Q: 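Dumping the structure here so I can ask a few things about it.
Remember, it's a predicted structure, so these values are computed and weren't measured experimentally.
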Amino acid sequence: MKTNHLGLLLFVFCSLSFIPAGAQPWVKKAAKSVFTLKTFDAQGSLLGSGNGVFVGEQGEAISNYAPFRNAWSAVVIDAAGKEYPVELMLGANETYDVAKFRVSIKKSQPLTMGRAAQGATVSLLPYREVKAARSGQLRKAETFGSGYDYYTVKMQMPQDGVGLPLLDTNGQLLGLMQQPASETDTLCYAVSAIYADSLKMTGLSINDPTLRAVHIKKALPADFGQAQLTLFVANTTLDSADYAQLIDDFIRQFPDAQDGYVSRAQFATGNNHFADADRDMEQAIKVAGVSSGKGGVDEAHFSYSRLIYQKLLYRPEPAYEPWTLDKSLQEAEAAYAANPLPAYRQQQAYVLYAQKKYAEASSIYEQLFSSQLRSPELFYEASRCKVAQADTVGYLALLDSAVSLFSRPLLKEAAPYILARAQGRLDAGKYRDATNDLNDYEQLMATQVNDQFYYLRFQAEQGGRLFQQALNDIAKAIEMNPKQELYYAEKASLEVRVSLYDEAIQTARECIAVAPDYSDGYLFLGLAQCIKGYKSEGVKNLQRARELGDEQADGLIEKYGK
């Protein structure tokens, strides 16, 4: 049998051939850009390893992602054997097994990136093995994403070759090698280096599971808007230490933006470091006055006003003497003077209300009703001023305005305002109107109403002489909270009122069973018994109610005890 020596030689050349170092002058230079990667766990033990290549002069590099999963630290070792720590993650994609990061190095030697088409001769450059560089041929150059290349190469990849660079005949970086199907497979694959280099942090990267699995510090997005979003999201996703570090990083990266100083002031306030917060807010106002496109001075004054207001309202202790409601009002006025936005006037109304200057706050709200802030919430806020002024008519009129902004069929968003109006109507003695509102509320919030709701509607129905509905609702309240003795007493009281004496006796006994030392149970039991003609037994229960401190029992004992 004859052997086809020419075919064999071609196969070896295409699939496993090595490149003489002198034949390709770029090989030695390119080797300086290749490194090996080692990652470590939280205890400092070796976690994984891979390969990578520099793509920027400031330590920007790309490699396979797999070694970074669950890593707490990482280093790269260059062709000269020098070791450098990985300082920042710049992006990652687990699907294509690529990561971008920055190495702490004074200057790195990047490779120029390019693309290649099917049939092109390509080279694989192992780490620190210039003479072992090997070549192959591109079988496929498929595209993915936004036109990036995914290469299939006729080549047998060396052991531990994942992440090694794939280059064209001019030494341009085409891609990073991927994990082959098997060690003996003569086909291997590479993902576009241009794609790996395109990875970047966005405002939502902080919630990316791929990046969250890496415990090495992440870079802030280079884009200011995206960095702002990161700062916003981080407030509820990072622990306090990491969040504090992120704020400091933001300030270093964007020293002329007020956002970082405002965020740090809010964080400091939450930790009772009010003097630090005050300095940061003054700095926020200062930089806002000179920066362009990163928030105006009006926003800084507004943030300052709100910070002081919220601290005084929700965390009055410990006190910080320079922060007063007057100071908060001054900052809100300064914001409005710099830019007359309705929101800044609304902030003034908040502060004036807190200062109990209800007429002044009410006047501002009336001005805002014709602004873009006109909303049910605005009318509700204004109604609180009328309550404080004991203006029931004005209070209900404003709640009517709030509800009128919703059309029927009503949506759940209307529920809080309907409930507020129901309470107002109940307080004003408009019982049937209150009942109608509560019926609407129940329809909107059917799965969320509780025993307190049914007790409230019971009161409205009782006041409106809708006795059967009232009895149904108080029974529902008892069903939902059978340990609340007040509900039994109210039910027994109404049953006596509508001459359901036997039912009242039963309800009063249930009340006593739930709360043996609650006087109302004995009071209504005794009253119902006396009315039914069981005076001897009834008076004993009335006397027990008196012993428990019920003053109403005296008159009943005098009436029925003769």
Side-chain angles (χ1 to χ4, degrees), residues 225 228-229 232 235 258-259 262-263 265-266 281 284-285 288 293-314 325-389 391-424 437 440-441 444:
Q228 278 183 307
L229 180 57
F232 175 77
N235 188 29
Q258 62 174 282
D259 303 69
V262 172
S263 295
Q266 292 169 340
M281 287 310 307
I285 293 170
K294 293 187 173 70
V297 69
D298 56 305
E299 294 178 35
H301 282 297
F302 179 53
S303 296
Y304 200 5
S305 175
R306 287 199 304 173
L307 185 65
I308 296 171
Y309 170 76
Q310 290 169 354
K311 187 267 183 230
L312 294 173
L313 195 65
Y314 302 114
L325 287 172
D326 284 340
K327 172 67 172 172
S328 178
L329 184 61
Q330 289 169 11
E331 292 299 325
E333 291 170 342
Y336 189 76
N339 188 6
L341 294 178
Y344 303 157
R345 285 290 277 164
Q346 185 180 32
Q347 175 65 15
Q348 293 172 40
Y350 289 156
V351 179
L352 289 167
Y353 180 86
Q355 291 179 311
K356 300 183 180 180
K357 297 177 180 179
Y358 306 119
E360 293 178 55
S362 185
S363 176
I364 290 176
Y365 281 121
E366 288 175 9
Q367 297 169 26
L368 292 175
F369 291 154
S370 58
S371 75
Q372 63 189 33
L373 293 182
R374 180 182 176 88
S375 65
E377 177 66 21
L378 191 68
F379 282 106
Y380 173 74
E381 290 167 2
S383 74
R384 296 190 306 150
C385 297
K386 299 300 183 182
V387 171
Q389 294 173 288
D391 182 357
T392 302
V393 173
Y395 167 58
L396 288 176
L398 287 168
L399 289 178
D400 285 341
S401 296
V403 175
S404 70
L405 293 180
F406 296 95
S407 58
R408 291 184 180 272
L410 295 169
L411 301 177
K412 281 190 175 182
E413 288 76 12
Y417 309 106
I418 291 173
L419 183 61
R421 188 173 68 175
Q423 184 65 69
D437 275 342
D440 284 339
Y441 183 85
L444 292 172

Q: Can you tell me how far apart CZ (Arg384) and OH (Tyr365) are? Round to the nearest 0.5 Å.
A: 6.0 Å

Q: Is there a donor-acceptor contact under 3.5 Å from the side chain of Ser303 to the main chain of Glu299?
A: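 Looks like yes, one N/O pair under 3.5 Å.
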
Q: To the nearest 0.5 angstrom, please state how far the OH atom of Tyr395 sits from the CG atom of Asp400.
A: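 Result: 11.0 Å between the selected atoms.
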
Q: For Tyr417 and Tyr380, take the angle between the two ring planes, folded into 0 to 90°, and tell me which bin it lands in: parallel under 30, tilted 30 to 60, perpendicular over 60.
A: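 Rings of Tyr417 and Tyr380: perpendicular, as their planes differ by over 60°.
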
Q: Just so I know, are the side chains of Glu331 and Ile285 near enough to count as touching, which here means a heavy-atom distance under 4.5 Å?
A: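 Sidechains of Ile285 and Glu331: in contact.
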
Q: Is the shortest heavy-atom distance from the side chain of Gln355 to the side chain of Asp326 under 4.5 Å?
A: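 Gln355 vs Asp326: side chains touch.
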
Q: Roughly how far, to the nearest 0.5 Å, is the CD atom of Gln266 from the CE atom of Met281?
A: 7.5 Å

Q: Measure the spacing between CZ of Arg306 and CG of Leu313 and express it to the nearest 0.5 Å.
A: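 Result: 13.5 Å between the selected atoms.
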
Q: Would you name the heavy atoms of Leu341 and Asp298 that are closest together and state the gap between them?
A: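 Scanning both residues completely, I find the closest heavy atoms to be CD1-OD2, 4.2 Å.
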
Q: Quick one: pull up CD in Gln348 and OG in Ser305 and give me the separation to the nearest 0.5 Å.
A: 8.0 Å

Q: Provide the closest heavy-atom pair for Pro342 versus Gln372 in the form atom of the first, atom of the second, distance.
A: CG-CG, 4.2 Å

Q: Any donor and acceptor pair, going by atom type alone, linking the side chain of Gln258 with main-chain N or O of Ala300 inside 3.5 Å?
A: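 Answer holds: yes.
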
Q: Identify the heavy atoms of Ile308 and Ser328 that sit nearest to each other, and give their distance.
A: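 Scanning both residues, the minimum pair turns out to be CG2-CB, 3.9 Å.
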
Q: Will you find, in the side chains of Tyr350 and Gln346, an N or O donor that is under 3.5 Å from an N or O acceptor?
A: yes

Q: Dump the intermediate steps for side chain to side chain contact (heavy atoms under 4.5 Å, CB included) on Leu405 and Glu413, then the final yes or no.
A: CA-CA 11 Å; Leu405 293 180; Glu413 288 76 12; over 6 Å; no

Q: Can you check whether Ile418 reaches Phe406 side chain to side chain, under 4.5 Å on heavy atoms?
A: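 Side chain of Ile418 against side chain of Phe406, heavy atoms only: no contact under 4.5 Å found.
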
Q: Do Leu329 and Glu333 come within less than 4.5 Å of each other through their side chains, counting heavy atoms only?
A: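 When only atoms from C-beta onward are counted, Glu333 and Leu329 do touch, with a gap below 4.5 Å.
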
Q: A quick test of your reading: do over 12 heavy atoms of other residues, nucleotides or ligands sit less than 6.0 Å from CZ of Phe369?
A: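 Counting neighbours around CZ of Phe369, more than 12 heavy atoms of other residues, nucleotides or ligands fall under 6.0 Å, so yes.
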
Q: Quick one, Lys327 and Tyr304 - any side-chain contact, counting heavy atoms below 4.5 Å?
A: yes

Q: Specify the closest pair of heavy atoms between Gly424 and Leu396, including all atoms of both residues, with the distance to one decimal.
A: C-CD2, 3.6 Å

Q: Okay, side chain of Ser404, backbone of Ser401: is any donor-acceptor separation there less than 3.5 Å?
A: yes

Q: Do Leu373 and Arg345 make a side-chain contact, defined as non-hydrogen atoms from C-beta onward lying under 4.5 Å apart?
A: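 With C-beta onward as the side chain, the pair stays apart.
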
Q: Taking all non-hydrogen atoms of both residues, which atom of Lys386 and which atom of Gly394 are closest, and how far apart?
A: CG-C, 3.9 Å

Q: CG of Leu399 to CG of Leu419: how many Å apart, nearest 0.5 Å?
A: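 Spacing of CG (Leu399) from CG (Leu419) equals 10.5 Å.
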
Q: Please report the closest heavy-atom contact between Ala284 and Val262, naming both atoms and the distance.
A: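 Heavy-atom minimum between the residues: CB-CG2, 3.9 Å.
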
Q: Heavy atoms, side chains only, cut-off 4.5 Å: are Leu368 and Arg374 in contact?
A: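 In short, these two side chains do not touch, never coming nearer than 4.5 Å.
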
Q: Keeping the roles fixed (side chain from Ser362, backbone from Tyr358), state whether a donor-acceptor pair exists under 3.5 Å.
A: no

